[in-house]
Amino acid sequence: MTAQAQRKPAFDAARVIAAIREALPPGIAGAPLHRPHFAGREWDYLKECLDSSYVSSVGAFVTRFERAIAEIAGTKHAVAVVNGTAALHVALLLVGVTAGDEVLAPALTFVATANAISYCGAIPHFVDSEPATLGIDPQALRDYLRDIAERRGETLVNRATGRRIAAIVPMHTFGHPVDMEPLNALAAELGLAVVEDATESLGSRYKGRPSGSLSRLAAFSFNGNKIVTTGGGGAITTDDAALAERAKHLTTTAKLPHAWAFIHDAVGFNYRMPNLNAALGCAQLEQLDGFLAAKRKLAARYRRALAGVPGVSFVDEPAFARSNYWLNALLLDAEHAGERDELLRRCNEDGLLCRPVWTLMHRLAIYADCPRMPLPVAERIEAGLVNLPSGPGLALATEG
Ligand SMILES: *Cc1c(COP(=O)(O)O)cnc(C)c1O
């Protein structure tokens, strides 16, 4: 052991917890991971729904919410739906994913990404992450596909399974954008459709461009734990008017417009967002800029507080991006990953409701047999990552 290595201070969970507390507002007993924050016109808009009796599947708030989302995502169109998983499902159908296809998706994601692929009858094919973004590594994917896949006419085929590889779903983990330029270039070369899983990244930017506008179709989520919430909800964003119209049609039972007749020209879905949920969402979106600014401040406080702490590093936004910092995180050094559960236990006992990242998809029995590339980076992140309290209320309560 070198003298330098000997001098390196030991990992100390108490020191990590002290740093987390230093970043949080002083004097709080504990902190949930991400509690929603209702400090705007939520009550007014909900009351408007009740007074007007427009609580369900039609109403002015839905249209207003869609316009606001399209503006934030920098797209011409947005279609509000019942949740983020439904948004992903329909977006995948719209880019032509069909039963028996394979769809490339990160192993490091929430299960909804893989589930949406399964709803299409397709098979998720798991891809590794890169350390800087936590999301899909475009270069590693390029090398991998060169080895295992080949072009046959217009389609990319997995040589081992004989199945078409139809699409790729980059997911912007905790709000940090995937490196989309090389990924989109690869997808264009190989004829792969791209659907952004932007469920965690409302308000994030990649090289100045908003998340949700970085591929043909994107999916957002407004679940209770996301940066803004509609209770439950989602949206599909796109610049393509025909795709937007098709998305609206498919998510509203594929009913043909008619004054009274019930004619449905496809097996559609009842995936529409109720007006009540959109009303909540409109009030939340009015606060988004404040949430984003506060979350940047909270992230800066975590970065500063964790800077000198041995054995851990703050998960920062990639250099080319402006993250919404939906969830802050720290990463334990590889040699301390074994102490993750002890750190989690002590944080939770202390009222800081920190969480590990999701179990990698290929470790779930339901997806264990799916094709996958080697996943060393995703496995390293899985072993060492700890999410930190990040709610907008906490962020707003911190200063400086
Ligand atoms: C939140 C989320 C979704 C969608 O979740 P819903 O609860 O269906 O709105 C999908 N993928 C990821 C990565 C998510 O974090």
Side-chain angles (χ1 to χ4, degrees), residues 33-36 65 69 73 78-93 97 103-120 122 124 126-127 129 133-136 167-178 194-204 211-212 214-215 217-237 247 251 269-274 277-278 280-281 284 295 315 323-329 355-362 364 366-367 378 381-382 385 387 390-392:
L33 190 66
H34 200 286
R35 200 205 322 253
F65 183 71
I69 289 297
V79 175
V81 297
V82 73
N83 58 49
T85 314
L88 280 168
H89 178 198
V90 170
L92 288 167
L93 292 175
V97 171
V103 175
L104 300 162
L108 183 80
T109 188
F110 177 57
V111 71
T113 317
N115 285 349
I117 294 166
S118 303
Y119 299 165
C120 301
F126 297 117
V127 175
S129 296
T133 67
L134 312 179
I136 286 179
I168 179 160
V169 188
M171 193 278 283
H172 308 305
T173 313
F174 311 142
H176 305 315
V178 168
V194 183
V195 170
E196 253 181 283
D197 182 339
T199 47
E200 305 185 352
S201 57
L202 186 75
S204 295
S211 155
L214 306 171
S215 60
L217 285 158
F220 285 102
S221 167
F222 311 108
N223 191 33
N225 60 350
K226 296 301 204 283
I227 186 166
V228 296
T229 185
T230 58
I236 299 165
T237 54
T251 55
F269 303 93
N270 180 12
Y271 277 176
R272 62 185 115 211
M273 176 184 282
N277 300 78
L280 192 65
Q284 285 269 285
K295 277 172 166 286
V315 176
S323 177
N324 70 0
Y325 283 106
W326 169 55
L327 283 187
N328 288 288
R355 291 285 176 268
V357 75
W358 315 281
T359 299
L360 296 181
M361 291 302 105
H362 69 291
L364 301 177
I366 47 174
Y367 292 124
I381 295 167
E382 180 195 41
L385 192 130
N387 280 123
S390 300

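Any value given below was found using the heavy atoms of this structure, including those in side chains, with hydrogens, waters and symmetry copies removed. Counting starts at 1 for both ligands and their atoms, in listed order.
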L280: partners by side chain to side chain contact (heavy atoms under 4.5 Å, CB included), with sequence neighbours left out |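 With neighbours one apart ignored, the set is F38, E42, L46.
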Among L88, T109, I136, whose side-chain contact (heavy atoms from CB on, under 4.5 Å) with M171 holds?
->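 By the side-chain contact (heavy atoms from CB on, under 4.5 Å) criterion, M171 pairs with just one of L88, T109, I136: T109.
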Within the protein, residues bringing a heavy atom under 4.0 Å of ligand 1, chain by chain | N83, G84, T85, L88, T109, F110, A112, T113, M171, D197, T199, E200, S221, N223, K226, G233
Centres of the F126 and H362 rings: under 6.0 Å?
-> no
Where does the angle between the aromatic ring planes of F174 and W326 fall among parallel (under 30°), tilted (30 to 60°) and perpendicular (over 60°)?
-> tilted
Examine the side chains of H176 and T133 and answer whether a donor and an acceptor come within less than 3.5 Å of each other.
-> no
From NZ (K295) to CD1 (I227), nearest 0.5 Å |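 CD1 of I227 is found 5.0 Å from NZ of K295.
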